[in-house]
Amino acid sequence: MKIATFNINGIKARAQALPAWLDEAQPDVAVLQEIKSVDEAFPREIIEERGYNLETHGQKSFNGVAILSKLPLEDVHRGLPGDDEDVQARWIEATVVGKQAIRICGLYLPNGNPVELNADGTPVAGGKYDYKMRWMARLQARAEALLASETPFLMAGDYNIIPQAEDARRPEAWLEDALHRPESRAAYQRLLNLGLTDAFRARNSAPGQYSFWDYQAGAWNRDDGIRIDHFLLSPQAADLLRDCQIDKEVRGREKPSDHVPVWVDLDL
DNA sequence: ATGTCCTATGTGATAGGA
């Protein structure tokens, strides 16, 4: 089963590029981020006419996630638990049943910039970095709950985290950025410490493998990228991992997203 | 090193997010 993640940066702007990639890559399941659309305005036909089931969790203008699958999507949940006040659409999960069932979580983790810190180094309450750290604490809790349920699961999406220096062309430029600061990296490491596996790093140890290149400053032409789109696998899901790849060439096409798809092949 | 793109508003140019 091929499962992909793709931050499309706007469904309306990607109405050509997304179906073109689906036709070529033929994922069984895909999670999308930054659909930037309310559910009612999502052009469902470009997904459904390709034989996919579709569940969206959108909002006006920003954010928004979706999951599509050739198999039925069961027990769909929208929104990351832990804060009833949070109105940002960044989390969707559903169960897909192949040889066995797997819980698939699609996420768009907050960017976190600009970083605002108090004198003691803690994030300023109510700021964007504070929101990122609080969201990651909720993500940790959700991962713990899923582990306790003993269901195979994966959490895929735009984590807005550069895990290690080798995941950036210019790591020194990101040291103070919310995507690579020590607090952000430590929170990501705490997820791994639960026993989750970074699928890409389990299959590829080479540096210079990126999933995002900024539209600005010729970042793509200079290969000035970062790896911020990740698959974290539960232990039972990791046992099924056959492959994990980045569809880098998608970034060089007509009217691309600033992210490219990442996918795993699982034996189920 | 800020050289771009996307969305909303509202119909042209700005603002905000990334």
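Side-chain atoms are counted along with the backbone in the values below, which use heavy atoms only and exclude waters and symmetry mates. So you know, we letter chains A, B, ... as the sequences are listed, proteins then strands, and number each from 1.
- Note on A/Arg14: only backbone sugar-phosphate atoms sit closer than 4.0 angstrom, heavy atoms only; bases stay farther off.
- Taking 4.0 angstrom as the limit, A/Lys128 places a side-chain polar atom (N or O) nearer than this to OP1 or OP2 of B/dA18.
- B/dC6 atom P lies 13 Å from atom CD of A/Gln16, rounded to whole Å.
- Closest to the A/Asn9 side chain, of the nucleotides B/dC6, B/dA18, B/dT7, is B/dC6.
- Whole-Å rounding puts the A/Lys12 NZ to B/dT7 P distance at 6 Å.
- B/dT2 and B/dT7 have their P atoms separated by 26 Å, with the value rounded to a whole Å.
- Residue A/Gln216 is the one, among A/Asn160 and A/Gln216, whose nearest nucleotide of DNA chain B lies closer to the 5' end (criterion: closest heavy atom).
- Using a 4.0 Å cut-off, some side-chain N or O of A/Lys60 falls inside it from OP1 or OP2 of B/dT9.
- For the side chain to side chain contact (heavy atoms under 4.5 Å, CB included) test with A/Pro27, the passing option among A/Thr5, A/Leu22, A/Asp265, A/Ile3 is A/Leu22; the others fail.
- In this entry the distance linking CD of A/Gln88 with P of B/dA18 reads 8 Å, nearest Å.
- One can place CG of A/Asp224 at 15 Å from P of B/dT4, the figure rounded to the nearest angstrom.
- Using a cutoff of 4.0 Å between basic side-chain nitrogens and carboxylate oxygens, A/Arg78 and A/Glu55 are scored as salt-bridged.
- Here B/dT2 presents its P atom at 24 Å from CH2 of A/Trp220, a figure rounded to the nearest Å.
- Residues A/Phe212 and A/Tyr215 each lie close to DNA chain B; by heavy-atom proximity, the contact nearer the 5' end of the strand is made by A/Tyr215.
- Within the 4.0 angstrom heavy-atom criterion, only backbone atoms of the sugar-phosphate kind lie near A/Tyr108; the bases stay farther away.
- On the C1' atoms, B/dA15 is 14 Å away from B/dG10, given to the nearest whole Å.
- For B/dC6, the OP1/OP2 oxygens have a side-chain nitrogen or oxygen of A/Lys255 closer than 4.0 Å.
- Distance A/Gln33 CD to B/dA18 P: 14 Å, rounded to the nearest Å.
- Not counting sequence neighbours, A/Trp135 has no partner by the side chain to side chain donor-acceptor pair (under 3.5 Å) test.
- In this entry the distance linking CZ of A/Arg222 with C1' of B/dT4 reads 13 Å, nearest Å.
- Residues A/Asp86 and A/Arg134 are not paired through a salt bridge, judged by the lack of any N-O separation under 4.0 Å between the basic side chain and the carboxylate.
- Between A/Gln59 atom CD and B/dA8 atom P there is a gap of 11 Å when expressed in whole angstrom units.
- Rounded to a whole angstrom, the distance from the P atom of B/dT11 to that of B/dC6 is 23 Å.
- Note on A/Arg203 versus A/Asp243: no salt bridge recorded, every NZ/NE/NH1/NH2 to OD/OE distance being 4.0 Å or above.
- Residue A/Ala13 is classed as a sugar-phosphate contact, given heavy-atom separations below 4.0 Å to backbone atoms only.
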